Structure formats: C-alpha cells, structure tokens
Amino acid sequence: MSIKLKCLSHTPLRGLNDPGADVVKEVDDVLARSRAEVEAFDPELIIVFAPDHYNGLFYDLMPPFVIATAADSVGDYQTMSGPLSIPRDTALDLARHILDSDLDIAISHRLQVDHGCTQTLEEMTGSLTRYPVIPIIINSVAPPFGPYRRVRKLGEAVGRFLAKLDKRVLILGTGGLSHEPPVPLLNGAPDEIANFLIAGRNPTPEARAARQARTIAAGKIYGTPESAQTPLNAEWDQAFMDLLIERRLDEIDDFKIDEISKAAGRSTHEIRTWVAAFAALAATGPYSARKDYYRAINEWIAGYGVISAEQA
Ligand SMILES: O=C(O)CCc1cccc(O)c1O
Ligand SMILES: [Fe+2]
C-alpha cells in the first residue's frame, strides 16, 4: 500500500476570468508540478472526494454522501464531458465497507458529475479516463449539512479500506477554500429558481450559458463593495491549511457550519472534501503534508490553495 494525497481548490473561472498573467503563471506552474508528481506516482486507483453544484444532485433527493460505480461528466464551464473510468467492483466493495462501518452512503450506478469533480481530475491527470477513479460526492453546497465530524468519519472509513488494498492510491479533495460564488439558496427562492434547485437536471445549453455568464459577472466584482457575496478570508484559509499540515484533525469535530459560512462564505464548505481526504490518509497511519500554494484570487472567486501529503 502506498498512498498520496492532493487537495486543491477548483474554480471554473480559471481561463474565463483570469487574474494577472503573473498569478496565472504561478498557478499553472503549481498545477504542472503536481501533475508531474501524479504521473511519477502512477496511481492504480484515485479516490476523488468532490462536491456537486446542482448539476448531478438536486433537492428532489439530496444525499449527504454518494459513491458512484459509474459516472458521466456534464461538461459544465470548460470541463470535459463524458464517462469516467470507475472500477465498478472496487466501488461496490468500498460502498459495502462504508455501510459496514455504520455510515450511510447513497450509491449511484449512473451519476452525473460537474466541474467540482472533474476540474481537479483533469488538472491532475490530463483526462477523465487516464486512471481508475472512484468519485465520492460530499454535499457541500446544498444545505442543510451534517456535522463535520461525520465527514471525518466517512474519510476514516475510506482510509481503512484503502489500507487493505495493497495498491498505489491517490486521494484527491477538490473545492474551497473560502469563497461564495452566486449559487442560489432554496430557502426563500422564487418558483423558477426553486424548481431548478429541486429538479434542474440536464439544463438547456442556453440555461448553462446563462449560469456561466452569471458566475463570470460575479467574478468581475467579487471582493469589491459592489458584490453582495461574502468575500474571501485568507486568514481563515491559512488557519485551516495549518490545521491539516499540523495533523490537528480532531479539532475539525468542533467546526460550526454557520460560523464558517459567515466568516468565509457559504461555499467554503467544499473543504468537507479536504476533511474527508485527510481523514482517509490519517486512518492509514502517520502522514506528512506540505502547502504547495495559497493565494486569495478574487477574479476566480477562490481562496485558492494546494496541499500535498503522503504517508510518513
Ligand atoms: O456554477 C456554480 O455553481 C459555482 C461555480 C464556482 C465558482 C467559483 C468557485 C467554485 O468553487 C465554483 O464551484
Ligand atoms: Fe465549487
């Protein structure tokens, strides 16, 4: 068994509403180095903990956790569309292991995934099909959310499964850090938006384009007084990254959902994927971690961070 971890922010505004060329190059370089490390590691399996943003999962039946035995990328923003290569039997074994661990998880035999899953997969591997991958979706965008300790337990259960596999495994977490893009809330939404949030699967190309345009427009004013969205919080992000690097995962059990939303933005909860990823790695033994990059990037609506870790 050999396990490595990478947690990265994602942002579909990369390439659509870029910061200055120097910052773009910094991030390009970090991603290129990370991808080269993945290439050298040559994983036999990737576990990607990812959020969904009302592309695959809706309030007609919103699961806290989902594991997929088959999935298609919807190709939102600039991501690739088409199937992921999921090892069906291993995914099912992992689902059984999680259930046997006293944790409930939904199983999808045909999941639609969005940029929240595929952007990082593409950035780290160059495609959706290069390596066998099992997506585990953690609800991070559609409240209410279960407590953070539950996410940590899910990660631990996955880690105990990986420890028995005797494979080179790459664990990915994708999303965060602090940020609040203009994703609507069901509570108080007008009918048209409520209908979308409840059952908006397979939108028209026009609806998809309108959503993309809305996100770009929000990126153009994010962090200015004109923006109604909670701004980035670099201090919060640094403290969270320090906690992971210093292996203080037990403190995550005290995370308060509403406080995080207020301090760092509603979509900050995408860090739930990082929590699961680190808990999985930690369940396999001691680890060492390093911060590869951090910058608060308003144009991308992202407290943009990259962390790598591996078994010590
Ligand atoms: O279309 C959406 O629902 C939101 C898009 C989006 C924008 C910035 C950062 C993100 O993490 C993200 O997901
Ligand atoms: Fe996101």
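As the structure lists them, so they are numbered: ligands from 1, and atoms in each ligand from 1. Just so it is clear, the structure is predicted and the values come from calculations on it, not from any experiment.
- Remark: D292 does not engage R33 in a salt bridge, criterion side-chain N to carboxylate O under 4.0 Å.
- Among protein heavy atoms, the minimum distance from atom 9 (C) of ligand 1 is reached at H179 CD2, 3.3 Å.
- The distance from ligand 1 to the heavy atoms of R211 drops below 4.0 Å at these ligand atoms: 1 (O), 2 (C), 3 (O).
- The closest donor-acceptor contact from the side chain of S81 to the backbone of S73 lies at 3.5 Å or more, if one exists at all.
- Side-chain atoms of E156 do not come within 3.5 Å of backbone N or O of A279 as any donor-acceptor pair.
- In terms of heavy atoms, I67 sits closest to A91 at CD1-O, 3.5 Å.
- For S267, the closest heavy-atom approach to ligand 1 does not fall below 4.0 Å.
- Of the protein's non-hydrogen atoms, Y77 OH, 2.5 Å is the one closest to atom 1 (O) of ligand 1.
- Ranking protein heavy atoms by distance to atom 7 (C) of ligand 1, first place goes to P12 CD, 3.5 Å.
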Handout entry: Check against salt bridge (Lys or Arg N to Asp or Glu O under 4.0 Å), E299 and R14
Key = CA-CA 9 Å; E299 291 84 349; R14 182 165 171 252; over 6 Å; no
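- Taking backbone and side chain together, H53 holds an N, O or S atom under 2.8 Å from the Fe ion (ligand 2).
- If you number the atoms of ligand 1 from 1 as listed, the ones under 4.0 Å from a heavy atom of W300 come out as 8 (C).
- Of the charged side-chain nitrogens involved, none lies within less than 4.0 Å of a carboxylate oxygen, so that K153 and D102 do not count as a salt-bridged pair.
- For Y54, no heavy-atom contact with ligand 1 is shorter than 4.0 Å.
- Ligand 1 lies within reach of H115, whose nearest heavy atom is under 4.0 Å from it.
- For E270, every heavy-atom contact with ligand 1 shorter than 4.0 Å involves the side chain, none the backbone.
- Computed with the Fe ion (ligand 2) at the centre, the H10 NE2 to E270 OE2 angle is 110°, stated to 10 degrees.
- Evaluated by nearest non-hydrogen atom to atom 4 (C) of ligand 1, the leading choice among D76, V183, I301, I216 is V183.
- A salt bridge between R152 and D253 is present, with a side-chain N of the basic residue lying under 4.0 Å from a carboxylate O of the acidic one.
- For the residue pair E26/Y293, the side-chain donor-acceptor check at 3.5 Å is satisfied.
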